[in-house]
Amino acid sequence: MLKVVEISPYDVELPQRAIAARMGFKGVGAVPEQFRAVYNEVMDIALKVARPAIAFDNFIPTFEDAIKIDDVKIDGNLANNQLGKSIEITAMLSTLGDEIDDEISKLHVKGEELKSFMLDSIGSELIEYTSRKFDLQLRTQKQMKGSARIAPGYVDLSISLNAWFASIFGRALNVSCDAEVFTFLPRKTISAFIGWSR
């Protein structure tokens, strides 16, 4: 049964080193001092406008020519390696909502490119670490061994699977998927599968 979980952005542990690396400051471990005041201002904006939510459901897979759940095929080496022995598969769609997208655009239109870029970077890490937090909660609750969390678009897992995620979970989160390139709107949205085995 489809469920939706909301997580406060203030409850998500978001390492500054991850954001710094996303911004291009690799190997320094933190946002450089000369950008810190702007970074702190933008982080405050991110925490105020982000609305992290996750829609998820558990499926019993079948195995014929490919792994199947809900009549959708999940094939390729990554899927076979991670989900091939699953007795249950969790599918999840995570989003920060559309307010953060709107704020990124507003800053860009106002010519505040540094803030727009920083907010975009923070949003990308915030949705990832929100998903990690939920992933960890699932692993704590389940009495089974969990696979890696795998996402469409990585390795050989087709990004076209995002259309299925949007069709199953999109209404619950107000998320849509571009039918040609399979990217989500709002942009700070990601999908994933986790396989569970004994």
Side-chain angles (χ1 to χ4, degrees), residues 1-9 11-15 17-18 21-22 52-97 123-198:
M1 186 172 82
L2 187 153
K3 295 179 183 174
V4 176
V5 173
E6 295 179 356
I7 297 176
S8 169
D11 291 338
V12 178
E13 289 187 33
L14 191 55
R17 61 175 169 68
R22 172 79 63 170
I54 298 143
F56 70 102
D57 203 349
N58 298 310
F59 299 87
I60 305 300
T62 58
F63 302 89
E64 295 161 14
D65 56 328
I67 303 164
K68 283 178 101 175
I69 61 170
D70 191 48
D71 292 327
V72 68
K73 285 185 179 182
I74 311 170
D75 52 14
N77 291 329
L78 180 62
N80 289 332
N81 290 340
Q82 295 297 325
L83 308 177
K85 295 180 181 175
S86 303
I87 59 172
E88 185 177 277
I89 294 174
T90 298
M92 56 187 277
L93 186 66
S94 310
T95 188
L96 296 184
S124 295
E125 292 303 319
L126 182 56
I127 191 57
E128 172 59 28
Y129 278 86
T130 296
S131 297
R132 288 185 189 191
K133 181 179 179 69
F134 180 71
D135 181 329
L136 184 59
Q137 289 173 358
L138 280 182
R139 291 173 197 277
T140 303
Q141 295 165 4
K142 293 273 189 183
Q143 301 298 313
M144 292 182 277
K145 180 183 176 186
S147 73
R149 176 169 48 93
I150 61 172
Y154 287 95
V155 191
D156 62 349
L157 189 61
S158 177
I159 196 168
S160 66
L161 286 164
N162 280 344
W164 176 81
F165 279 92
S167 71
I168 299 297
F169 304 115
R171 186 174 298 161
L173 298 177
N174 198 25
V175 168
S176 61
C177 179
D178 185 293
E180 293 184 3
V181 294
F182 305 109
T183 54
F184 291 119
L185 284 173
R187 291 188 311 114
K188 300 308 177 189
T189 301
I190 58 176
S191 57
F193 296 110
I194 304 172
W196 305 99
S197 58
R198 297 288 181 197

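When reading the values below, keep in mind they use all heavy atoms of this one structure, side chains included, and skip hydrogens, waters and symmetry mates.
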Seminar exercise, completed: Heavy-atom nearest pair, L96 first then P52, reads CD2-CG, 3.8 Å

Problem set entry | Flag for S131-S94: side-chain donor and acceptor within less than 3.5 Å | yes

For this session: Give the C-alpha distance, both sets of side-chain angles, the deciding distance and a yes or no for side chain to side chain contact (heavy atoms under 4.5 Å, CB included) between F169 and I54.
Result: CA-CA 9 Å; F169 304 115; I54 298 143; over 6 Å; no

For this session: Using modelled atom types only, decide if a donor and an acceptor are shared between the side chain of T189 and the backbone of L185 within a distance under 3.5 Å.
Result: no

Seminar exercise, completed: Minimal heavy-atom distance between V4 and A172, with the atoms involved, is CG2-CB, 3.9 Å

For this session: Take F56 and F134, measure what ring-ring contact (aromatic ring centres under 6.0 Å, His included) needs, and give me the verdict at the end.
Result: CA-CA 10 Å; F56 70 102; F134 180 71; 4.9 Å; yes

Sequence neighbours excluded and cut-off under 3.5 Å, please list the side-chain donor-acceptor pairs for residues 75-88, or say none.
residue : atom : partner : partner atom : Å
N80     : ND2  : G76     : O            : 3.1
N81     : ND2  : N77     : O            : 3.2
Q82     : OE1  : A148    : N            : 2.9
S86     : OG   : L83     : O            : 2.9
E88     : OE2  : K142    : NZ           : 2.2

Problem set entry | Donor-acceptor side-chain pairing of S124 and K188 below 3.5 angstrom | yes

Exercise. Just how far is it from atom OG1 of T95 to atom CZ of R187, taken to the nearest 0.5 Å?
Worked result: 11.0 Å

Problem set entry | CA sep, side-chain torsions, deciding dist, call: R198, K145, side chain to side chain contact (heavy atoms under 4.5 Å, CB included) | CA-CA 6 Å; R198 297 288 181 197; K145 180 183 176 186; over 6 Å; no

For this session: List in chain and number order the residues that pass ring pair (Phe, Tyr, Trp, His ring centres under 6.0 Å) with F165, two or more places apart in sequence or in another chain; answer none if no residue qualifies.
Result: F193

Exercise. Less than 4.5 Å apart, any side-chain heavy atom of L157 and any of I74?
Worked result: yes

Problem set entry | Shortest non-hydrogen contact between P186 and V175, atoms and distance | CD-CG2, 3.9 Å

Exercise. If you take all heavy atoms of Y129 and R17, which pair is closest and at what distance?
Worked result: OH-NH1, 4.1 Å

Exercise. For I168 and L2, which heavy atoms make the closest approach, and how far apart are they?
Worked result: O-CD1, 3.4 Å

For this session: Using a strict 4.0 Å threshold on nitrogen-to-oxygen distance, state whether K73 and E64 make a salt bridge.
Result: no

Exercise. Going by atom types only, do N162 and S191 share a side-chain donor-acceptor pair under 3.5 Å?
Worked result: yes

Exercise. Are any non-hydrogen side-chain atoms of I190 and E128 less than 4.5 angstrom apart?
Worked result: yes

Problem set entry | Verdict with reasoning, D178 to T183, per side-chain hydrogen bond (donor to acceptor under 3.5 Å, both in side chains) | CA-CA 5 Å; D178 185 293; T183 54; 5.0 Å; no

Exercise. Taking only residues two or more places apart in sequence or in another chain, which ones pass ring pair (Phe, Tyr, Trp, His ring centres under 6.0 Å) with W164?
Worked result: F59

For this session: Give a yes or no on this: more than 12 heavy atoms of other residues, nucleotides or ligands lie within 6.0 Å of atom CZ of R171.
Result: no

Exercise. Roughly how far, to the nearest 0.5 Å, is the OG1 atom of T130 from the CD1 atom of I7?
Worked result: 6.0 Å

Exercise. How about R132 and E13: do any of their side-chain heavy atoms sit closer than 4.5 Å?
Worked result: no

Exercise. Are T90 and W196 side-chain neighbours, meaning at least one heavy-atom pair lies under 4.5 Å?
Worked result: yes

For this session: Measure the spacing between CG of L138 and CZ of R149 and express it to the nearest 0.5 Å.
Result: 10.0 Å

For this session: Answer yes or no: does atom OH of Y154 have more than 12 heavy-atom neighbours from other residues, nucleotides or ligands under 6.0 Å?
Result: no

For this session: Write down the atom of I194, the atom of R139, and the distance for their closest heavy-atom approach.
Result: CG2-NH2, 3.9 Å

